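Just so it is clear, the structure is predicted and the values come from calculations on it, not from any experiment. Each chain gets a letter, A, B and so on, in the order its sequence line appears, and its residues count up from 1.
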Amino acid sequence: MTAILKVAGVSKAFGGVQANRNVSLEVEAGRIVGLIGPNGSGKTTLFSSIVGYHPIDEGSIRFEGQEISRLRVVDIARLGLIRTFQQTRIYGGMTCVENMLISSSQRDARLLDLFQARSPEREERAGDLLDFVGLYPKRKLEAGSLSFGQQKLLEFAMALMNQPKMLMLDEPTAGINPTLINGLIDRLKRANEQFGITLFVIEHNMRVIMNLAEHIYCLAHGELLADGRPEEVQNDPRVLDAYLGAH
Amino acid sequence: MSDAHKKLAGRLAILAVGLAAPFLFPAYQSQMAELWLFVVFALTWDLAGGQMGYNSFGNVVFLGIGMYACVLTQVGLLYDIGIYNGARGGGSATFVFDLPHYLEGLALGLPVGALLAALAAAVLGAFVLGMRGHYFAICTLGLGVAAGEVANSWEWIGAGSGMVPPTPPQVIGDLSRFYYYFAFALAAVTFLVLGWLYRTRFGLAINAIRDDEDKAEAMGLQTTRIKVAAWVIAAVFLGVSGGILGNLKRFIDPIDTAFSGATFGVWMVLMAILGGKGTLWGPVIGAVLFEVIKEATWTYLLGWQRVALGLLIVIIVVFFPQGILGWLRERFPDRFGRRVEADLSGTAEETAR
Amino acid sequence: MLDNLLILVQAPTITVDLVLNGILVGAIFALAAYGMALVWGVMNIINIAQGEFVMLGGYVAVIMSAHGVHPLLAVPVAAVLLFGLGWLLYRTVIFRIVERDLFTSILATFGISIVLQQLMNTVFGGDVQVAQAHLGTLLLMGGMVTLAQIKLLSFALAAVLAVVLVLFLRRSRLGQAIRATAQNARAARVLGIDTDRVYAATFGLNAALCGACGALVAMAYTVHPYIGLPYTIRSFMIVIVAGLGNLAGVIAAGLSLGAAENVAGFVLGTQYQLAFVFLLLVVVLVWRNWRLARKRQYLK
Ligand SMILES: Nc1ncnc2c1ncn2[C@@H]1O[C@H](COP(=O)(O)OP(=O)(O)OP(=O)(O)O)[C@@H](O)[C@H]1O
Ligand SMILES: [Mg+2]
C-alpha cells in the first residue's frame, strides 16, 4: 500500500499558541484513518494546514507524492483533496440540488466549462447522492433552511459529488441525531468502498471512530501522542491520560 | 397554454410593445431610450452585486469608458481628436459626418467601447475583486470618482468642458428614435444573455461565491477567474450602453454623464435593490419603476431631486431591502418557484423511472 | 510633472512648505478619521456621510462669522449642533441598521450624504465659502515657507480635541460604556449597559467631532456642499492604514496623508489632487488586500 498523504514534521503556531508541533503521519490510499485528541489539541489546525488554509511554519506535506504545502486552497482542492468544515459550510441561498450541481469535480475543469448548460448525468448523480444521504425529499429546499444536522449531511454529499481522491471530514457526526449516526457510519464506509475515496476523519465520538477507522492518530497539545490500530490506541494509557487529564 | 407558450407569448408582447413604443408615444422617445439603458444598468449591476455578492459603486467606470471610447472612435475616424475637442465640437459646418461615415463610426465605436470597458474590468478586477464586502464597495466608489476626476482634467478628451458626440447627418432623422432602437436591442440582448448565463453552471458558481466564497474555493472553484469573468461580462454591456447614452445625450460631461457616481452609479444599485437583488426580473422591474417615478416627479422636485433620491435610498435600504420580487417571493413562495416544504414524492430511483 | 519634481529637489524649502502645510491639514483628517473609527468599531457602521458632517460644521462657522461672531467660537457650537444631528439621525435611521451588514450601512449613510449635500446646496448656495478668522501669516526660512496662523491654530485645536476625546473615553462613565460596547456588545448588555444609548451617543460624538473639524476647515481652508466625499474617503483610508482603535496610528496616517496630498497636488498639478486622493484609496486597499493574502499566504 502506498501513502496518498504524507505529513512530515509539520509545525504551526498562531502567535504564541503552538497549535501543531512536529506532527508526522501518513494516510494510505483507500483506507479510513482517524484523528482524535482532546479539544484544542490542534486537529482542525492540522486539517487546515493540509488543505492550504494557512502556511505552515515548517515541515512538508505531500499528496500523491507531490509537495502541496505551498499550494493555494483552490489548487489543492483541484488535485482531489477535499475537506469539510467543523462549522458546516454550505451555500445557504441555493437549493440543495444547486449546492450539489456546483460541487461536482473541478479537476481539469476550465473557466469555459462553466458555460455549458446543466448536464442530465450530473443532475442524476446529484439526485443519487442526495438520496444516499437521505436528503432527496428536500432537494428543492433552500440549503440555508435545513437543520444543522441536515446541513452536515448535505456538506458530506457535496464532498462526494466532488469525487475527491481523498476526503477529510472534520467531526462528521457532531450535531447528528444518535439514531442517524449508525446510518452515517455506514454511508462513510460505503463511500470508502464504493467510490474508493480515502477518508481521514476527525472524531470525538469514540464509538464512531472505533467502528470506522482502521488506523488512528491521537494528538494532544499539538503533538502526535500515539497511533496504531483502534484497540491499541484505545488502550494506550497516554491517550487515556490526555483525555482524562486536564486540557 | 403551457408554461413555455406563456413565456414565449409574454416575450413577444414585450418585443411588440418595445418596437412600437416610439410611434405610440413619440413625445417620450428619449425617456424610453433611457429606460432601456437603465434596464441594462440594473441588470449588469446585479450580475456582480446581486448574483455574486460584490456590491459595486464603481460600475460607472465601464459606462464612462465605453462612452468616451465610442465617441472618440467616431470622431477619430474622420478628424483629429485634439483639434475637434479644441473647437469644443463647435461649428458642425467644420466637422461634418455624412451617413456612411456616421454609421461606420458607430459600428466601430460601440464595439471598441465594449472592448475597452471589458479590458478595464479585467485589469481592475484582477486587483479589486480580491477584496471582500465593504472594502470592495468603497474601493469601487473611489475608482468611479477617480476615473471622473481623471477625465475631468484630461485635455485631449475635452477635460472639464466635456465632449460633443458627432453631429448626425440629416437623413438619420429623429435622433432619439434612432438610438431608442439601439437601446432597446441592447436591453433585450443583455436580458437574454444574462438569462442564459444564470442557467449555466457559471450562474451557480457566482451564486456559490455570494453565499460562501471560502467554501467555493475549498471545493476547487477558481473564484478569482470567475469573478473577473462576471465583471467583464457586465462591463461589455455597460460599455455599449455608454456609447449609446453619450450619443443620445448629445453631450458628455466627464463627471455628470460619463463617470457619474452620484447619478447613474447610485441609480444602478437602487434600481436593482428596488426590483429585487439576485433575480433576473428584479432589476428590470426596478429600472422601469425607477424611470417612471423619476420622470413623473423629477420636474416637480426641482432643486429637491437629490434630496428625494437620498431619502428614497434610505427608505428602500432600511425598510425594503429585499425589493419587490424578494417581497413577493416571501409572500407567495410557491408562485415563485421557491419551495418551503419537503417534496415527499419519492426517491431518486423512483423519479428516474 | 517632471519639472515640478525637479523644483522640489532643487528648492527644498518648497518641499518643506508643502509638507508642513500638509501636516497641518492632516491633523484635521486624522480627527475625522478617529470619529469614523469610533463609529465603525463600536457600531459596525461605516459612515459615508462623514464628510458632509464636516461640511455642515464648516457652514456653522461660515454663518457665525457672517454675523460678526468670531468663527473660533464656532468650534464648540458646531460640535454641539452636530451632536444633535448625529443623535437625531441615530434615532430615526441608524438604529434600524446597527445590526445589519456593513453594505447596508454604507448605502444608507450614502443616501443620507446625498440628502445633506443637496440641502446644503439649497440653503447655503453652491459657492465655495470661507470663515474669515483674520489672523496673519507666519514666514519661516527667510520667507520661503509660509504658514497661515489659522492653520497652526487649527492644528493645535485638533490636538487638544484629540486629547479631550481620549480622556473622555478613558475616564468618563459614558466613555467606558462605549469602550465596553465596542469590546462585546452582548456582554455589555448583560452588565446592564444600555447599548442603544451608547450607540446614539457614539454616533452623536462622531458627528460632533466632524462638526468641530468642519469649523476648523472653514477657517483654514474652504467649504462647499459637494466636497464632503473626499473627507469621507480620507477618513476611511486613514482608518484602514492605521487599524481600528489605534489613535497613534490614526494620527501618523492622517499627518502623512495630508503631506502626501499636498506634495502630490504640487507635482501633478492641483487639478489632479482629488484624483490622487481617490486613486490612493484604491492603492491602499489593493495593498492591504495583498498583504492579507500574503498572511493567509495563498502562495504559489
Ligand atoms: N486562526 C487561529 N488563530 C489563533 N489561534 C488559533 C486559530 N485556530 C486555532 N487556534 C488555536 O490553536 C489551538 C488548536 O485549535 P484547533 O481548532 O486546531 O483544535 P481542535 O483539536 O480542532 O479542537 P476541537 O476538538 O475543539 O475542534 C487552540 O488553542 C486554538 O485556540
Ligand atoms: Mg476542531
Can you measure from CG (B:Leu221) to OG (A:Ser104) and round to the nearest 0.5 angstrom? 8.5 Å

As an exercise, state the distance from CZ of A:Arg89 to CG of B:Asp211, rounded to the nearest 0.5 Å. 11.5 Å

dist A:Asp113:CG -> B:Phe202:CZ (nearest 0.5 Å) comes out at 13.0 Å

In Å and rounded to the nearest 0.5 Å, what is the CD1 to CD1 distance from B:Ile206 to A:Ile102? 10.0 Å

Does some side-chain heavy atom of A:Arg78 sit less than 4.5 Å from a side-chain heavy atom of B:Gln222? yes

Which distance, rounded to the nearest 0.5 Å, do you find between the CE of A:Met100 and the CG of B:Leu204? 12.5 Å

Is it true that atom OH of B:Tyr198 has more than 12 heavy atoms of other residues, nucleotides or ligands lying nearer than 6.0 Å? yes

Side chain, backbone, both or neither: which part of A:Leu79 has a heavy atom under 4.5 Å from chain B? neither

When every non-hydrogen atom of A:Ala77 is compared with those of B:Ala218, the smallest separation belongs to CB-O, 3.2 Å

Return yes if some donor-acceptor pair links the side-chain N/O of B:Arg201 with the main-chain N/O of A:Leu101 below 3.5 Å, else return no. yes

For B:Ala205, is it the side chain, the backbone, both, or neither that has a heavy atom closer than 4.5 Å to a heavy atom of chain A? both

Run the salt-bridge test on A:Glu155 and B:Lys215 with the 4.0 Å N-O cut-off and return the result as yes or no. yes

Nearest 0.5 angstrom please: A:Tyr91 OH to B:Glu213 CD, how far? 10.0 Å

Worked check of side chain to side chain contact (heavy atoms under 4.5 Å, CB included) between B:Asp214 and A:Phe85: CA-CA 11 Å; B:Asp214 287 330; A:Phe85 292 84; 5.5 Å; no

Are the side chains of A:Leu114 and B:Thr200 in touch, meaning some heavy atoms are under 4.5 Å apart? no

At their closest point, which heavy atom of B:Asp212 faces which heavy atom of A:Ile90, and how far apart are they? CB-O, 4.2 Å

Let me know if B:Leu197 has heavy atoms under 4.5 Å from chain A in its side chain, its backbone, both or neither. side chain

With a 4.5 angstrom heavy-atom cut-off, is it the side chain or the backbone of A:Met161 that approaches chain B, or both, or neither? neither

Donor-acceptor contact below 3.5 Å, side chain B:Asn207 vs main chain A:Met94: no

Minimal heavy-atom distance between A:Leu111 and B:Ala229, with the atoms involved, is CD2-CB, 4.0 Å

